[in-house]
Amino acid sequence: MGPGGRPKGETKATYAEAMKKPVPASIESLFQRYPSLAGFSVRGLQDVPDHCARSGDDDELFVSDVGILPSLADDDSGEIFEDIAATLAELLAEHPEASALICGRTFARTLH
């Protein structure tokens with residue numbers, strides 16, 4: 001194994017390559033529904049600390065680093081966490097290949 005739990009010879013995608021990957025519409029809609037959601041990351045099994053519970057499935061994904069802007073939140077953080085998980089589960093149920101698209105990425109609100 002190489003750095004970050006990747007097989008030797010496999011390199012991490014460059015920032016430019018990562019930016020070319022489309023953001024699924026269901027994930028974009030999370031930011032529209034929750035103005036207080038700043039962003040979140042989706043991690044693979046190799047990126048999760050040992051003390052976190054796992055199901056044993058190597059394809060298991062974890063949501064981490066959820067950012068919620070407290071000045072905009074109406075104490076709906078629990079609802080936001082649940083909706084992120086439900087949205088990702090639905091996306092993966094409809095498109096199992098999307099796992100490779102979202103794993104290891106951080107999704108953040110775009111400010112204009």
Side-chain angles (χ1 to χ4, degrees):
M1 276 295 160
R6 291 178 192 71
K8 286 187 178 187
E10 182 180 325
T11 59
K12 188 173 184 177
T14 66
Y15 178 75
E17 290 169 339
M19 291 304 292
K20 291 179 186 176
K21 293 181 182 178
V23 175
S26 57
I27 291 177
E28 285 183 3
S29 73
L30 286 168
F31 294 100
Q32 294 170 355
R33 289 194 305 272
Y34 300 104
S36 61
L37 178 61
F40 62 94
S41 296
V42 180
R43 306 281 181 220
L45 190 61
Q46 71 278 2
D47 299 321
V48 178
D50 290 336
H51 67 276
C52 293
R54 295 167 170 81
S55 70
D57 184 3
D58 287 341
D59 295 332
E60 192 170 19
L61 297 178
F62 299 85
V63 175
S64 68
D65 306 318
V66 178
I68 299 174
L69 304 171
S71 60
L72 297 177
D74 293 328
D75 200 23
D76 57 355
S77 58
E79 181 181 333
I80 293 172
F81 293 128
E82 289 175 15
D83 203 0
I84 291 170
T87 298
L88 293 176
E90 185 177 307
L91 173 66
L92 294 171
E94 292 175 6
H95 305 283
E97 71 279 3
S99 177
L101 177 70
I102 63 173
C103 184
R105 288 183 69 186
T106 296
F107 299 94
R109 175 173 299 284
T110 303
L111 300 175
H112 295 280

Exercise. Should the ring pair Phe31 and Phe40 be called parallel, tilted or perpendicular, given that the plane angle runs from 0 to 90° and is split at 30 and 60?
Worked result: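 Parallel.
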[Y] and [X], any side-chain heavy atoms less than 4.5 Å apart:
| X | Y | value |
| --- | --- | --- |
| Ile102 | Val23 | no |
| Ile80 | Leu30 | no |
| Arg33 | Thr87 | yes |

Closest heavy-atom contact between [X] and [Y]?
| X | Y | answer |
| --- | --- | --- |
| Ser41 | Thr106 | OG-OG1, 2.7 Å |
| Cys103 | Arg43 | SG-C, 4.1 Å |
| Leu61 | Gly44 | CD2-CA, 4.3 Å |
| Ser77 | Ile68 | CB-CD1, 3.5 Å |

Between [atom1] of [X] and [atom2] of [Y], what distance do you get to the nearest 0.5 Å?
| X | Y | atom1 | atom2 | result |
| --- | --- | --- | --- | --- |
| Gln32 | Arg109 | CD | CZ | 9.0 Å |
| Leu92 | Glu97 | CG | CD | 9.0 Å |
| Asp83 | Glu90 | CG | CD | 9.5 Å |
| Phe107 | Leu88 | CZ | CG | 7.5 Å |

